[in-house]
Amino acid sequence: MTVGILAALFGCLLVDPTVVPRTALHPNDDIAGRNKLVVTSRGALSPLLTFAVADTQLNAGLGAVAQGPGDHFAVGAFLYGEALPGSRATAWGANILAATMSAHSHAVGLEVNALNRATEPGSVVYGIHVVNGGVRETTAGIVVETSAAEPTGIPQYGVWVKEGSVPGAASAGVRIDRVSSGVALQVESGQCLVLGRICLRERNGKLETIPW
């Protein structure tokens, strides 16, 4: 504990010598030399762990702030996971969990707040901006999947544009610009596309409507 406190105070490095703090994406980026504090280890679930108890007021286990007073980007946090060549495991950039053990408390895995406080029009604000890249085709921007370990947690709605207490949740529920394949919306055969109380579905190459 004393070593950890001193490292935080004086900008020391806590580096496992068996781990090289560089990434294959940016192999020339000397993380250990660039940052004030580097914590690396093998076999530990969380080399750096912070813990907060919200028993008196709102409390956060971890906070990060970035401010952009000039013309440069400000990013609160970079989270990066990397699977090296030959790896057979999935790399996660971030894994966020929220759990409730109370019927009176909700659990939200991730809340994103995007605010437009500009005094003049012209700003573009996104709640979530997904950008796919790479040298091979990627599969999806967003995937909603039911847990194999806890399948009873299947969501009632995969995506929900929620009105809440304020009417008019969005100007448009879903907007689709140009897509390369020309397929704006794809629904598997036999599945319903519900409009009000009418279900539209394809069966044997024909479109049928049934009450919903």
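Hydrogens, waters and symmetry mates are skipped; everything else that's a heavy atom, side chains included, is used. Quick caveat: nothing in here was measured; it's all calculated off a predicted structure.
- Between Thr146 and Pro155, some side-chain heavy-atom pair lies under the 4.5 Å cut-off.
- Linking ILVMFWY side-chain heavy atoms closer than 4.5 Å, directly or via other members, places Val174 and Val179 in a single hydrophobic cluster.
- Applying the side chain to side chain donor-acceptor pair (under 3.5 Å) test to pairs two or more places apart or on separate chains, those with a residue in residues 163-177 are Arg175-Asp177.
- Considering all non-hydrogen atoms of both residues, Leu79 and Gly93 come closest at CB-O, 3.3 Å.
- Pairing each heavy atom of Gly127 with each of Ala114, the nearest pair is CA-CB, 3.9 Å.
- For residues 190-212, the pairs satisfying side chain to side chain donor-acceptor pair (under 3.5 Å) are Ser189-Glu202, Arg201-Glu208, Arg203-Glu208, with sequence neighbours left out.
- The side chain to side chain donor-acceptor pair (under 3.5 Å) pairs that include a residue from residues 19-32 are Asp29-Arg34, where partners are two or more places apart or lie in different chains.
- For the pair His106/Thr100, no side-chain contact is recorded, criterion being any heavy-atom separation below 4.5 Å from C-beta on.
- Listed by chain and residue number, Ala83, Ala89 satisfy the side-chain contact (heavy atoms from CB on, under 4.5 Å) test with Ser87 (two or more places apart in sequence, or in another chain).
- A donor-acceptor pair under 3.5 Å is absent between the side-chain atoms of Asp16 and the main chain of Thr40, judged by distance alone.
- The number of heavy-atom neighbours closer than 6.0 Å to CG of Asp71, taken from other residues, nucleotides and ligands shown, is 12 or below.
- Take Gln57 and apply the side-chain contact (heavy atoms from CB on, under 4.5 Å) test, not counting sequence neighbours, and it matches no residue.
- Counting all heavy atoms, side chain and backbone alike, Gly173 lies closest to Val161 at O-CG2, 3.6 Å.
- The two residues Ala74 and Gly68 come nearest to each other via the heavy atoms CB-N, 3.6 Å.
- Under the 4.5 Å side-chain heavy-atom criterion for ILVMFWY residues, no single connected hydrophobic cluster contains both Val194 and Ile210.
- For Thr50 (side chain) and Gly61 (main-chain N/O), a donor-acceptor pair under 3.5 Å exists by modelled atom type.
- Under the ring-ring contact (aromatic ring centres under 6.0 Å, His included) criterion, the residue pairs touching residues 123-174 are Tyr126-His129, Tyr157-Trp160, with sequence neighbours excluded.
- A single hydrophobic cluster is seen to contain both Ile198 and Leu207, as judged by linkage of ILVMFWY side chains at heavy-atom distances under 4.5 Å, directly or through other members.
- There is a path of hydrophobic side-chain contacts, each under 4.5 Å, that joins Ile96 to Val130.
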